[in-house]
Colleague: 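Pasting a structure below so you can have a look.
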Amino acid sequence: MSLIDFILHIDDHLIPIVNQFGGWSYLILFAIIFIETGLVVFPFLPGDSLIFAASAMAANPKYGLNIWLVYLIVAFAAIIGDSINYEIGAWSTRAGEKHSWFNKLINQNNRLAAEKFFERHGPITIVIGRFIPFIRTFVPFISGCSKMHYGKFITYNILGGLLWTGLFTIIGFFFGNIPFVKDHFSMIVIAIILVSVVPIAIVAIKKKISLKKEFH
């Protein structure tokens, strides 16, 4: 089973997991979201589509998932994950040069993109970055590297975590079981990924407009 297949058909893969593990499925949800957001070397895990699929299943009584538990668990995982990622970033600044092997594990192109995005938009990037695949894994890491005050970071971290998980929980719960959505889940996942880059486009457009105004 390839990673792409798992992401695009995560609803099909999640069903046997829930049927087999029952209540332990919450721990699996927590682990995947935590690893995606908390470990900078795993930015490719399917956070958005996983929350969407789990919430859609919670809307169907036969799977036995509680929507409030789903939301609380994935939100908690996202917030704790980003906090760990922040600490990893802070550690890499203090001791990273002594451990060159660590930098080799990190996708430097994604790291550079996150750094530029962070430099342009400041702490609000922690919230916006939640909705952007790959970027959301590197933003807390960059926050730690930049020595941002943890009090400021955790405020944006909690806000972003609650908004991100809340949005996909609501969408999945209310729309995930619509026949059209179930029949075209792969296309929905692709759409989610595409829509996720909208915040970058909006901010970039605003930036260009402001620059034009400055030169005029």
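Hydrogens, waters and symmetry mates play no part in the numbers below; they use all other heavy atoms, side chains included. None of the values given here were measured: they were computed from a predicted structure.
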Colleague: Could you tell me if the side chain of F168 sits less than 4.5 Å from the side chain of S55, heavy atoms only?
Modeller: no
Colleague: Tell me the closest heavy-atom pair linking L163 and F131, and the distance in Å.
Modeller: C-CZ, 3.9 Å
Colleague: With Y150, which residues qualify under side-chain hydrogen bond (donor to acceptor under 3.5 Å, both in side chains), at least two apart?
Modeller: S83
Colleague: Please determine which of I79, I32, I33, T37 meets the side-chain contact (heavy atoms from CB on, under 4.5 Å) test together with V74.
Modeller: I33
Colleague: So, Y86 side chain and M148 main chain: donor-acceptor pair closer than 3.5 Å or not?
Modeller: yes
Colleague: Got a second to check how far W91's CH2 is from I88's CD1, nearest 0.5 Å?
Modeller: 8.5 Å
Colleague: Rounded to the nearest 0.5 Å, how far apart are CZ of F21 and CG of L27?
Modeller: 10.5 Å
Colleague: Atom CZ in F173, atom OH in Y71: separation rounded to 0.5 Å?
Modeller: 14.5 Å
Colleague: Looking only at heavy atoms, which two atoms of I126 and F153 are closest? And how far apart?
Modeller: CD1-CD1, 3.5 Å
Colleague: Salt bridge or not for D82 and R136, using N-O below 4.0 Å?
Modeller: no
Colleague: Could you pull out the closest heavy-atom pair between E36 and W164, with the gap in Å?
Modeller: OE1-CH2, 3.9 Å
Colleague: Give me the atom names and distance for the closest heavy-atom approach of A54 to V70.
Modeller: CB-CG1, 4.2 Å
Colleague: Listed by chain and number, what are the ring pair (Phe, Tyr, Trp, His ring centres under 6.0 Å) partners of Y156, not counting sequence neighbours?
Modeller: none
Colleague: Side chain to side chain donor-acceptor pair (under 3.5 Å): which pairs involve residues 14-33, sequence neighbours left out?
Modeller: none
Colleague: Can you tell me if N85 uses its side chain to pair, donor with acceptor, with the backbone of T137 under 3.5 Å?
Modeller: yes
Colleague: At what distance, to the nearest 0.5 angstrom, does CZ of F52 lie from CG of L167?
Modeller: 10.5 Å
Colleague: So which heavy atom on A58 is nearest to which on N66, and how close?
Modeller: CB-C, 4.3 Å
Colleague: Which value, rounded to the nearest 0.5 Å, describes the distance between I170 atom CD1 and T165 atom OG1?
Modeller: 9.5 Å
Colleague: Can you check whether T125's main-chain N or O pairs, donor with acceptor, with R130's side chain at less than 3.5 Å?
Modeller: no
Colleague: So do the side chains of F30 and F76 get within less than 4.5 Å of each other, counting heavy atoms only?
Modeller: yes
